[in-house]
Amino acid sequence: MAKLDESLLADLPPFSRLERGQIRDILSQASSRRYDEGMAIFSEGHDAERFYLLLDGYLRVIRSTEGGEEIIVLHIAPGQLFGIARALQRDTYPATAIAAAESIALSWPMTLWDEFTKTYEGFATESYKTLGRRLGEIQTTLTEMATQAVEKRVACAVLRMMNQSGRRTEDGIEIGFPITRQNISDMTGTTLHTVSRLLSAWEKDGVVASRRKHIIVTNPHELVLLSGAQG
DNA sequence: TCATTAAGATGTA
DNA sequence: TACATCTTAATGA
């Protein structure tokens, strides 16, 4: 379990402009919790009682359709605030957050949100920047869904995860959390069969290497070409 | 071009 | 073993 220390928050955008004492105050009101892979931090439609900061791990944010299908809206990386329904003028969570890998998050009662944004210089600004970035990402995905062929959508999704969570390895850049074919199909609006076929084909061409729940992009440039203007 | 169906292989708890 | 994950082929919209 991570030790709660001021240095934990000092470098993160929502807190970077604050003084040590202020950070200590904020930390003293936070709870820290660990989540196993697959565990929900909160669920769509539930009362938004707390807001969170991801310290370690990765999250999937999913929404369910009327038909019961699950759409992966976006991923959350360490250092990001999430569950900040208050910033959206909501009192319920708009989506479900699932730990994609073992994760650690801090949380505060939502009642502190207004106090934080009022009291702490830069906190609100940075939070809205986060929201803006996410909205942009969702918009991009939406446009892709409507206009791009499946192979390009899947290539874009893999690239996005690589950019957000990639780690260097000898063979290439590995996506930093467990990810299944089903997960990718939930991100791109296709089937796991199609994703499986595409990844197999890319593996044969040396673009990616994958074992179960792990994907390494061995040729990022080629993947960019597959995602881009002309495939 | 892509979803669906089906059937089998392989990894994991 | 039971279950999840992944692969491949065939078929049809």
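All heavy atoms count here, side chains included; hydrogens, waters and symmetry mates do not. To find a chain, count down the sequence lines: A is the first, B the second, and so on, and within it residues start at 1.
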Polar atom pairs between nucleotides 4-9 of chain B and protein, under 3.5 Å, N or O only, would you list them?
from, atom 1, to, atom 2, distance (Å)
dT4(B), O4, R197(A), NH2, 3.4
dT5(B), O4, H193(A), ND1, 3.4
dA6(B), N6, H193(A), ND1, 3.3

What verdict does the side-chain contact (heavy atoms from CB on, under 4.5 Å) test give for E126(A) and S16(A), after you've listed the backbone C-alpha separation in whole Å, the side-chain angles of each residue and the deciding distance to 0.1 Å?
CA-CA 10 Å; E126(A) 293 300 335; S16(A) 50; 5.5 Å; no
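- Checked by atom type, the side-chain pair Q29(A)/D25(A) shows no donor-acceptor distance below 3.5 Å.
- In terms of modelled atom types and a separation under 3.5 Å, the side chain of W108(A) and the main chain of I26(A) share a donor-acceptor contact.
- As judged by a 4.0 angstrom heavy-atom cut-off over every strand, T190(A) is placed among residues touching the sugar-phosphate backbone only.
- Contacts between chain A and DNA chain C, taken as any atom within less than 4.0 angstrom of a protein heavy atom, begin and end at dA4(C) to dA10(C).
- No hydrogens or angles considered: nothing links the side chains of T117(A) and R86(A) as a donor-acceptor pair under 3.5 Å.
- Residues passing the ring pair (Phe, Tyr, Trp, His ring centres under 6.0 Å) test with F123(A) are F15(A), W113(A), F116(A), sequence neighbours excluded.
- Whole-Å rounding puts the K152(A) NZ to dT1(B) C1' distance at 13 Å.
- Here the side chain of S43(A) pairs no donor or acceptor atom with the backbone of T96(A) at under 3.5 angstrom.
- In summary, of the residues considered (I184(A), N183(A), V217(A)), a side-chain contact (heavy atoms from CB on, under 4.5 Å) with M161(A) occurs for I184(A) alone.
- Looking only at atom types and distance, the side chain of E137(A) has a donor-acceptor partner in the side chain of Q164(A) under 3.5 Å away.
- The CD-P distance, from Q148(A) to dC2(B), rounds to 11 Å in whole Å.
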